[in-house]
Number of protein chains: 2
Amino acid sequence: MAKSRFGEPVGDQIEVCPVTQTQDIIAGKWKIIILWNLSTQTRRFNELQRLLPNISKGILTRQLRELEEDQMVHREVYKEVPPKVEYSLTPLGQSFIPILQSMGEWSKKNLVSK
Amino acid sequence: MAKSRFGEPVGDQIEVCPVTQTQDIIAGKWKIIILWNLSTQTRRFNELQRLLPNISKGILTRQLRELEEDQMVHREVYKEVPPKVEYSLTPLGQSFIPILQSMGEWSKKNLVSK
DNA sequence: CGGAATCCGTAACGATACTG
DNA sequence: CAGTATCGTTACGGATTCCG
């Protein structure tokens, strides 16, 4: 039978640690920094790529698709030539902003520059 | 010259996004769940392994070592036979607990069980 | 009991070229 | 402009064996 990401199988139930569920969503290498850049405004594909200088189109696309699947990011396609696509946070994505902020503040307060 | 995990090199400065720094610390597959299990009490090695049923000794050791390097976890060795090692959160690790809690609450409130 | 050392497989990341 | 498709690489997790 199915096993959870963490924990024993419990009958037909799958016991998943909530904290781990959250981690799963933001685990991609670029996920949180994408969310961070969308937290203040809607951005176009190329704009995001400029903000994340070392990311390739392919991987940026993949990370965005995964965030879409997890309902964190909304993708709006404008049927124009040349094409225009805008990414923004969904309500779920927006509800995550405070956690991003906590993470940033915690880092600045506690982490020494390495 | 050195490049940051995110961003352009800026003179001799390395500009690192604080949010990304935090992510780097908790990025390991078992990191946050280990922190979570240490948040309430000190635990021994085998105890942790029992709590994380599908983890092997090798990987548990590695994750703990990395958390030690990042000053999140303290390792206390008792010179006895048989050996006894206790893991606990450092002050830095403890200061991270509120974020873990936010993540858990956010998950429970917003994430539908999949 | 709490590791260390080794090896392996896969998934994630990444570079490049091409396209509507 | 915003992708897709393909392929290469690397890092991470995991299994196993051995040890004080």
Side-chain angles (χ1 to χ4, degrees), chain A residues 3-8 17 20 23-35 37-38 41-70 72-88, chain B residues 3-8 17 20 23-35 37-38 41-70 72-88:
Chain A
K3 291 206 178 184
S4 70
R5 157 77 189 275
F6 162 69
E8 310 264 36
C17 171
T20 301
Q23 167 70 358
D24 285 344
I25 291 183
I26 57 170
K29 177 164 173 181
W30 302 92
K31 297 278 180 70
I32 57 165
I33 196 60
I34 289 171
L35 295 175
N37 278 293
L38 293 179
Q41 56 198 283
T42 291
R43 295 191 190 272
R44 300 181 60 173
F45 185 86
N46 271 0
E47 195 180 353
L48 280 173
Q49 199 179 1
R50 271 194 308 277
L51 289 164
L52 282 42
N54 298 328
I55 197 173
S56 70
K57 287 168 182 287
I59 161 73
L60 177 55
T61 299
R62 252 187 277 170
Q63 301 271 310
L64 285 167
R65 291 290 182 283
E66 290 172 24
L67 286 170
E68 263 190 274
E69 281 176 38
D70 289 329
M72 296 290 280
V73 162
H74 171 70
R75 177 168 175 261
E76 184 77 31
V77 183
Y78 296 83
K79 288 194 165 288
E80 307 172 1
V81 178
K84 172 179 167 183
V85 178
E86 283 188 343
Y87 292 92
S88 58
Chain B
K3 291 207 179 186
S4 69
R5 157 76 190 279
F6 162 68
E8 311 263 39
C17 171
T20 302
Q23 166 70 358
D24 285 344
I25 292 184
I26 59 171
K29 175 164 174 181
W30 302 91
K31 298 279 179 69
I32 58 167
I33 196 64
I34 289 172
L35 295 175
N37 278 293
L38 293 178
Q41 57 197 286
T42 291
R43 295 192 190 272
R44 300 183 60 175
F45 185 87
N46 271 0
E47 196 180 353
L48 281 173
Q49 200 180 3
R50 271 194 306 278
L51 289 164
L52 282 42
N54 298 328
I55 196 172
S56 71
K57 286 168 183 284
I59 161 72
L60 177 55
T61 300
R62 253 190 276 168
Q63 301 272 308
L64 284 168
R65 289 291 180 282
E66 290 173 21
L67 285 169
E68 262 190 277
E69 281 175 38
D70 289 330
M72 297 290 281
V73 162
H74 172 70
R75 176 168 176 261
E76 185 78 31
V77 183
Y78 296 83
K79 288 193 164 287
E80 310 172 0
V81 178
K84 171 179 168 185
V85 178
E86 282 188 344
Y87 292 92
S88 59

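All heavy atoms count here, side chains included; hydrogens, waters and symmetry mates do not. Per chain, numbering begins at 1; letters A, B, ... match sequence-line order.
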Value rounded to 0.5 Å, distance of [atom1] in [X] from [atom2] in [Y]:
X     : Y     : atom1 : atom2 : answer
A:L67 : A:I32 : CG    : CD1   : 11.0 Å
B:L38 : B:L64 : CG    : CG    : 7.5 Å
B:I55 : B:R50 : CD1   : CZ    : 14.0 Å
A:L52 : A:Q63 : CG    : CD    : 9.5 Å

Partner residues of [X] under the side-chain contact (heavy atoms from CB on, under 4.5 Å) criterion, sequence neighbours left out:
X     : value
B:K57 : B:F45, B:N46, B:Q49
A:S88 : A:T42, A:H74
A:V81 : none

For B:R65, all residues meeting salt bridge (charged side-chain N to carboxylate O under 4.0 Å, His left out), sequence neighbours excluded: B:E68
Can you name the residues that form a salt bridge (charged side-chain N to carboxylate O under 4.0 Å, His left out) with A:E76, not counting sequence neighbours? none
Does the pair B:L60 and B:I34 meet the rule for a side-chain contact (heavy atoms from CB on, under 4.5 Å), with working shown? CA-CA 9 Å; B:L60 177 55; B:I34 289 172; 3.9 Å; yes
Using a cut-off of strictly less than 4.0 Å between a heavy atom of the residue and any atom of DNA chain C, enumerate the qualifying residues of residues 74-82 of chain B by number. B:R75, B:P82
Write down the distance between NZ (B:K84) and P (C:dG3), rounded to a whole number of angstrom. 13 Å
Length of the CG-P vector between B:L52 and C:dG2, whole Å: 15 Å
What is the bend of the helix from C:dC1-D:dG20 to C:dG20-D:dC1 when you compare the axis at one end with the axis at the other, using five pairs each and rounding to 10°? 50°
The criterion is side chain to side chain donor-acceptor pair (under 3.5 Å); which residues satisfy it with B:R62, sequence neighbours excluded? none
Taking side chain to side chain donor-acceptor pair (under 3.5 Å) as the definition, give me every residue that meets it alongside B:R43, ordered by chain and number, with sequence neighbours left out. B:E47
Report, one pair per line, the protein and nucleotides 8-11 of chain C atoms (nitrogen or oxygen only) whose separation is under 3.5 Å.
none

Heavy-atom pair of closest approach, residues A:K31 and A:I25: NZ-O, 3.6 Å
So where does chain A start and stop touching DNA chain D, 5' to 3', when the test is distance under 4.0 Å to a non-hydrogen atom? D:dC1 to D:dT4
Protein-nucleic acid N or O pairs under 3.5 Å, nucleotides 13-17 of chain C:
residue	atom	partner	partner atom	Å
C:dC13	OP1	A:K29	N	2.6
C:dC13	OP2	A:Q63	NE2	2.9
C:dG14	OP1	A:K29	NZ	2.4
C:dG14	OP2	A:W30	NE1	2.9
C:dG14	N7	A:R62	NH2	3.4
C:dG14	O6	A:R62	NH2	3.3

Ignoring backbone atoms, establish whether B:Y87 has a side-chain N or O less than 4.0 Å from OP1 or OP2 of C:dG3. yes
Does B:L51 reach the side chain of B:I33, with side-chain heavy atoms less than 4.5 Å apart? no
